[in-house]
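The structure appears below as structure tokens.
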Amino acid sequence: MADTHAETVLFVRDTMLPQQEPPLSTVGPVGWARTNLFSGWLNTIITIVALLFVINLIAHLLPWFISGTWNATSLNDCREMMAAVGNEQGGACWGVIRERWPQLMFGFYPAELYWRPVLVLVLLFVALAPILFADRTPTRMLGFTAVFPFLGAWLLWGGTIWNPITALLGFVVGYVVFSLVSKVVNAGVSLFVAVVASVIWWTTLAGYVVLGLSAIAPLAIASVQSREFGGFLLSITIGVTAIMFSLPIGILLALGRRSHLPLVKALCVGFIEFIRGVPLITLLFVASTLLNIFLPPGTNFDIILRVMIMTTLFASAYMAEVVRGGLAALGKGQYEGADSLGLDYWQAQRLIIMPQALKISIPGIVSTFIGVFKDTTLVSIISMFDPLGLANAIRADASWNGIYWELFIFIGAIFFIFCFSMSRYSMYLERKLQTGHR
Amino acid sequence: MTTLTDPPAESFKLSMLVYDTRYRSITFQILALVAVLLLFGWLTMNTAQNLNDLGKEPSFSFLGESAGYDINQRLIDYSSQSTHLRAAFVGLLNTLLVAAMGCATATVIGVIVGVLRLSGNWLVARLMTVYVEMFRNVPVLMWIVLCMAILIEAMPPPSAFRGDDPDATMKLFDSVAITNRGVYIPEPLFSRSLGDFHVGAAFDVSINLIAILIVLGASIFVARGIARRADAKQEATGLRPRTWHTRLAVIVLPTVVLLAILGFHLGYPELKGFNFAGGTYMRNSLIALWLALSLYTAAFIAEIVRAGILAISSGQTEAAAALGLRNNRIMSLVVLPQAMRVIIPPLISQYLNLTKNSSLAIAVGYMDITGTLMGITLNQTGRELETVLLGMLVYLAISLIISGVMNWYNNRVKLVER
Amino acid sequence: MTDTAFDTTPAIDPAALKVSDEVAIEISNMNKWYGSFHVLRDIDLTVHRGERIVIAGPSGSGKSTMIRCINRLEEHQSGKIIVDGTELTSDLKNIDKIRSEVGMCFQHFNLFPHLTILENCTLAPIWVRKTPKKEAVETAMHFLEKVKIPDQANKYPGQLSGGQQQRVAIARSLCMKPRIMLFDEPTSALDPEMIKEVLDTMIELAQEGMTMICVTHEMGFARQVANRVIFMDQGQIVEQNEPEEFFNNPRSERTKLFLSQILGH
Ligand SMILES: Nc1ncnc2c1ncn2[C@@H]1O[C@H](COP(=O)(O)OP(=O)(O)OP(=O)(O)O)[C@@H](O)[C@H]1O
Ligand SMILES: [Mg+2]
């Protein structure tokens with residue numbers, strides 16, 4: 001049998017077939033629609049239903065959206081205007097946004113000083129640039145990033161320039177102490193000593209230094225009270241602070257949780273699980289009602305600061321878990337590799353472990369950031385005037401009583417823009433860093 | 001003279017505390033312990049001093065005092081004469097109620113959206129993406145407040161239901177009334193009720209409910225027996241008898257019979273004067289919170305479900321298809337069992353988030369544990385320390401229970417894996 | 001890529017391998033596009049029962065796509081595929097029938113990680129063939145013995161080596177008692193020692209008269225087992241011949257180039 005096949009088996013193609021156009025029904029818009037929208041009767045029905053839904057939605061929303069008026073000064077006013085032009089459906093009363101947007105943005109911040117928060121926002125982006133686009137910005141800009149928190153705080157709250165400078169000096173003190181002490185003992189202990197030194201500077205010496213320097217050179221700008229902060233200015237201030245500090249604290253907590261020292265580990269686990277086990281709002285209650293009870297009698301520090309501390313602690317616990325996930329994903333080999341190079345614990349963490357662990361955890365880190373930023377709205381519950389708090393106030397105002405869509409669309413859209421771009425940025429970063437890893 | 005084999009005599013030097021690996025870790029831990037103790041000591045001292053200055057001894061006796069405020073949405077009996085403890089308990093039940101309702105709907109919506117996002121239908125997949133991104137990127141508190149605003153502002157007042165030609169009508173065959181004060185749905189009533197069962201003096205439990213639960217439980221047990229028999233038959237003969245209809249009958253029929261015996265009927269809400277009477281009244285605050293939490297959490301669950309299904313490589317589906325399995329079997333035998341392991345842990349942590357987010361109830365006046373214990377009770381008694389601590393403990397307990405369940409599940413599926 | 005894995009295998013007697021006149025698979029004029037990319041162009045191929053066909057060709061030439069069309073893991077857009085007298089159309093019944101006649105092994109094994117080896121092997125017989133469990137287990141053990149891993153039956157795929165996993169995958173397909181087996185580069189994800197154990201299993205299968213279509217770069221296997229070698233390039237069959245002729249006397253320029261690259265060094 002096999003032999004008789006010998007002649008028939010041979011086949012050689014002399015000329016290669018050219019690439020042909022696919023059947024019309026499978027390409028182009030028609031083919032696309034057939035495969036993506038109308039493959040099978042069930043799919044066709046679903047498509048039609050979905051299409052009807054979309055059309056219906058647009059048919060209702062679009063006229064409302066564009067036929068609205070920007071001029072009304074109250075809801076009644078707006079309704080009269082609508083009736084006057086014979087708009088039966090009613091249109092959006094964007095007047096509330098026109099009238100209140102400065103408030104939604106800046107709260108009760110003095111109008112003549114709006115340039116300061118705006119400047120801070122611009123500077124924020126400048127400070128972020130070397131972090132966000134590390135490969136396209138000169139490293140020197142990191143210096144500005146380091147100074148930015150102090151500069152930003154000074155511009156926002158105003159007062160004497162010596163405040164941020166002495167605060168900054170605290171870090172210089174810490175750094176000097178660290179470099180001196182680390183010649184004698186290891187990095188962990190030196191860090192501890194340095195932190196103690198800085199804290200001593202801030203809590204005791206700094207006050208006198210500021211007083212002294214202000215007396216010599218009174219360089220100050222108009223100061224703004226915390227209760228004048230509001231709107232997105234408040235959200236962003238709290239959010240950015242919490243985001244900025246939660247990452248380092250979270251890293252330390254994550255390391256503590258993986259530590260071989262049972263006591264350190266227990267403390268970190270306890271802290272993390274406690275914070276993650278309770279809702280943020282209870283922590284904000286602590287900030288608003290209890291923190292003063294825990295501190296020495298007579299201390300009464302700023303409510304924004306208290307909220308920032310609590311939000312930071314909250315975010316740190318979540319960050320710690322994200323970073324821990326990243327650390328867990330690293331193979332044992334990396335630790336052994338680092339050990340075999342003779343690096344000590346902190347060097348190994350800084351040079352080998354953390355860069356990789358953080359890279360793996362980018363999606364988690366960014367979604368924690370997004371979560372923190374969204375959670376800043378909770379301060380409205382402890383009567384601070386973030387955008388939602390202001391929205392409640394505006395809705396309680398007699399002239400705008402009964403308005404909601406316009407306000408919430410505006411506020412929601414701004415939150416959406418911030419959060420959505422953060423999540424897109426993390427995808428971009430993930431894709432960029434993916435090269436060469438795993 | 002010392003022999004060479006002797007180790008050099010060790011003399012303890014202070015520096016060994018830091019440099020010797022044997023002492024080093026102990027030194028650090030003691031340092032840390034001292035630091036933490038100092039911190040706590042300092043905080044306690046401050047607290048004692050402050051409370052002393054305010055003339056408030058820390059004490060939980062206020063829990064036994066009469067609360068003196070009303071709670072309008074409750075699952076158990078409560079009046080303003082009841083104690084603060086009972087108020088807190090009513091609040092806790094309300095928290096659990098909205099959390100359970102929210103988890104259930106969020107799961108249903110989330111699974112559907114997650115699966116549809118993967119659908120081959122471009123339009124549907126896009127719509128679902130829009131849904132997910134829209135809800136994920138806007139604070140949940142805003143969704144809650146917005147839902148509440150819509151319910152209050154856009155729904156008709158009860159008076160709109162009056163007259164011969166009313167502006168508003170009841171939905172679903174005149175059984176549900178959606179008004180700006182809340183939603184009225186039919187309530188289950190029993191004309192031959194078995195009465196209530198008193199647990200101590202504190203709680204009444206409906207015997208009807210217990211009876212129904214027992215019968216239902218027994219039926220489900222029997223139905224599972226039938227399923228097991230079907231398994232055995234399949235093992236023996238290869239053919240699996242169709243049992244879903246008998247199983248359905250076994251589950252449904254006894255309960256239906258029991259309901260008939262108890263004289264079950266629905267009490268419909270009816271317009272009496274200016275408001276609705278009868279039926280079960282769900283306050284706007286509950287509905288808004290429930291809706292917003294479900295929709296918000298569903299967006300996250302959808303992503304989890306999608307990721308879980310995507311985590312199963314197409315090779316698995318192809319191999320199953322090449323073996324001749326049909327799509328529904330591929331799903332139930334190959335894809336879902338694997339996807340579940342990826343999905344369930346993050347799903348449970350979403351449940352945890354939803355439960356914690358339910359504390360935002362306070363923004364719309366739903367009386368959960370935050371609203372009662374950490375809200376009105378706190379304001380009335382001025383016991384910030386005790387109420388907030390107690391509230392945190394309650395949430396902590398709920399969280400620990402849920403994460404306990406999660407760890408149990410993780411360990412169980414890990415055992416199966418290897 | 002090399003013949004080394006074959007040095008130690010006993011030669012098999014081609015005369016023992018019968019090819020009947022009965023047609024197992026008939027592909028005529030088949031075309032397939034991915035979007036506007038013409039992957040398979042005018043494929044004509046008739047496979048008789050008992051044939052062992054090896055398909056070779058450069059990467060991206062459409063080898064996988066072609067054999068995946070045979071059990072409709074991919075859908076062709078024009079032309080005909082008839083397997084065992086059943087034409088592949090969008091009719092689910094035909095697809096089911098063909099899939100239960102045709103077994104397939106993949107490059108990456110695709111075992112179900114959540115099921116034990118035994119459960120992997122009994123899953124389809126139980127749910128598709130409606131075999132009683134006891135019988136299914138017996139069949140599974142039979143084939144697991146055949147691929148020489150009966151003692152691993154209660155382990156999970158993750159605990160097995162690559163070669164063992166691929167042999168389990170073969171056993172899993174065999175449990176459905178297919179009349180035709182498709183292999184898509186079954187050895188290219190394996191280490192050399194493991195390649196041998198898998199190829200030995202496949203040779204045994206060939207000796208039992210299984211109709212096989214095998215995409216592989218194991219030219220030693222092709223020489224020894226195949227009765228026909230098909231060379232594909234740019235989505236078309238460029239040359240086919242008996243193995244000896246194909247390797248010693250390639251006719252087309254493309255084949256020569258391919259062979260010189262693959263055997264040359
Ligand atoms: N799902 C798909 N969508 C679009 N193009 C595809 C798809 N699958 C395969 N292709 C393309 O079709 C062509 C043939 O692919 P195929 O996998 O059949 O090649 P192959 O001959 O098996 O190659 P290899 O030896 O690398 O496995 C390739 O160019 C590939 O890029
Ligand atoms: Mg291939």
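Per chain, numbering begins at 1; letters A, B, ... match sequence-line order. Values in this document were obtained by computation on a predicted structure and should not be read as measured data.
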What part of [X] gets within 4.5 angstrom of chain B, counting heavy atoms only: side chain, backbone, both, or neither?
X        : answer
A:Val49  : neither
A:Asp375 : neither
A:Phe373 : neither
A:Pro262 : both
A:Leu290 : side chain
A:Leu295 : both

Donor-acceptor contact present, side-chain B:Lys356 to main-chain A:Ile281, <3.5 Å: no
To the nearest 0.5 Å, tell me how far [X] [atom1] sits from [Y] [atom2].
X        : Y        : atom1 : atom2 : result
A:Leu263 : B:Ile26  : CG    : CD1   : 11.5 Å
A:Phe415 : B:Leu141 : CZ    : CG    : 9.0 Å
B:Asn121 : A:Leu37  : CG    : CG    : 5.5 Å
B:Leu360 : A:Leu378 : CG    : CG    : 5.0 Å
B:Leu400 : A:Phe274 : CG    : CZ    : 11.0 Å

A:Lys265 atom NZ, over 12 foreign heavy atoms within 6.0 Å: no
Contact origin within B:Leu393 toward chain A - heavy atom pairs under 4.5 Å: neither
